[in-house]
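Quick notes on the structure that follows.
We number each residue from 1, following the sequence as shown. What you see below is based on every heavy atom in this structure, not just the backbone, and it leaves out hydrogens, waters and symmetry mates.
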Amino acid sequence: MESESQGQRRTFEFTGRIRSIRYAITGMIRMIRCQHNAWIHAAATVAVIALGVLLQLSRSEWCWIVLAIAIVWTAEALNTAFEFLADAASPNFHPVVKDAKDVAAGAVLITAIAAVIIGLIIFVPHICALIL
């Protein structure tokens, strides 16, 4: 059978999609097991969802919360994948690899800061309404 790169298209296979989902879940588990920052993201995700349920957020507020959670997890996953590839390509220390890893980690920080800002915009008015 010829590969897709040689012009042949593979037919859609449901079992192939199931395998792809399984690989994705395996990757997510690997990220959570080996990346300590993912543990922080997981705790923050649970806390934010619990607070959102407690404060009975509106649908539009939930959309923003889900988006904020998703961007942080996506950035963390891409950063983790990048680190794995960088370590495989250059097992020994290399200053350019270090710089690239630092930039990727910075992208995660940017998304985390944005998520905190979104959370503050949504949660602070609800919390103030409860206190005042």
Side-chain angles (χ1 to χ4, degrees):
M1 176 185 248
E2 294 182 56
S3 70
E4 278 188 62
S5 63
Q6 295 174 335
Q8 296 289 329
R9 295 184 81 151
R10 293 191 291 175
T11 59
F12 178 83
E13 295 178 14
F14 185 72
T15 56
R17 301 302 58 88
I18 297 297
R19 250 190 329 273
S20 294
I21 292 169
R22 198 174 307 135
Y23 295 148
I25 291 170
T26 299
M28 290 167 48
I29 291 168
R30 175 83 169 114
M31 175 181 60
I32 291 169
R33 284 187 177 158
C34 73
Q35 296 294 321
H36 295 147
N37 285 341
W39 301 353
I40 295 168
H41 300 316
T45 297
V46 170
V48 165
I49 290 171
L51 187 58
V53 169
L54 181 70
L55 296 175
Q56 299 177 348
L57 297 182
S58 70
R59 284 182 182 209
S60 61
E61 289 170 326
W62 274 115
C63 287
W64 285 104
I65 294 298
V66 168
L67 182 62
I69 291 169
I71 63 168
V72 172
W73 278 106
T74 300
E76 185 63 45
L78 291 171
N79 180 54
T80 300
F82 181 80
E83 286 183 1
F84 285 152
L85 287 172
D87 290 345
S90 181
N92 298 320
F93 176 81
H94 192 285
V96 174
V97 172
K98 180 203 177 297
D99 290 344
K101 285 181 169 185
D102 289 349
V103 170
V108 178
L109 181 61
I110 290 167
T111 62
I113 290 169
V116 167
I117 292 168
I118 290 169
L120 290 171
I121 290 168
I122 290 173
F123 287 120
V124 167
H126 287 281
I127 293 169
C128 286
L130 287 175
I131 295 173
L132 302 176

Indicate every side-chain donor-acceptor pair of residues 15-22 with a distance under 3.5 Å to a residue at least two apart or in another chain.
residue : atom : partner : partner atom : Å
Ser20   : OG   : Gly16   : O            : 3.1

Donor-acceptor pairs under 3.5 Å, side chain of residues 106-124 to any protein atom, not counting sequence neighbours: which ones?
residue : atom : partner : partner atom : Å
Thr111  : OG1  : Val108  : O            : 2.8

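Phe14 CZ: 12 or fewer foreign heavy atoms inside a 6.0 Å radius. In Tyr23, the OH atom is not crowded: 12 or fewer heavy atoms of neighbouring residues, nucleotides or ligands sit closer than 6.0 Å.
Taking CE from Met28 and OG1 from Thr26, the interatomic distance works out to 10.0 Å, rounded to the nearest 0.5 Å. In this structure, NE2 on His126 lies 9.0 Å from CG on Leu51, to the nearest 0.5 angstrom. Considering NE2 of His94 and CG of Asp99, their distance stands at 10.0 Å, rounded to 0.5 Å.
Between Ile71 and Leu67, the closest side-chain pair of non-hydrogen atoms falls below 4.5 Å.
Both Ile65 and Leu55 are assigned to one and the same hydrophobic cluster, defined by single-linkage of ILVMFWY side chains at heavy-atom distances under 4.5 Å. Val53 is connected to Leu130 through a chain of hydrophobic side-chain contacts under 4.5 Å among Ile, Leu, Val, Met, Phe, Trp and Tyr, so both are in one cluster. Under a hydrophobic-cluster definition in which Ile, Leu, Val, Met, Phe, Trp and Tyr are linked whenever side-chain heavy atoms come within less than 4.5 Å, directly or via other members, Met31 and Ile29 are assigned to different clusters. Side-chain heavy atoms closer than 4.5 Å link hydrophobic residues (I, L, V, M, F, W, Y) into clusters, and following such links, even through other members, never connects Ile25 to Leu78.
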In sequence, state the C-alpha distance, the side-chain angles, and the governing distance for Ile49 and Ile69, and then conclude on side chain to side chain contact (heavy atoms under 4.5 Å, CB included).
-> CA-CA 10 Å; Ile49 290 171; Ile69 291 169; 4.2 Å; yes

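Applying the side-chain hydrogen bond (donor to acceptor under 3.5 Å, both in side chains) test to every pair with at least one member in residues 38-60, sequence neighbours left out, gives these pairs: His41-Glu76, Thr45-Trp73, Ser58-Ser60, Ser58-Glu61.
Nearest approach of Gly52 to Trp62, heavy atoms of both residues: C-CZ2, 3.4 Å.
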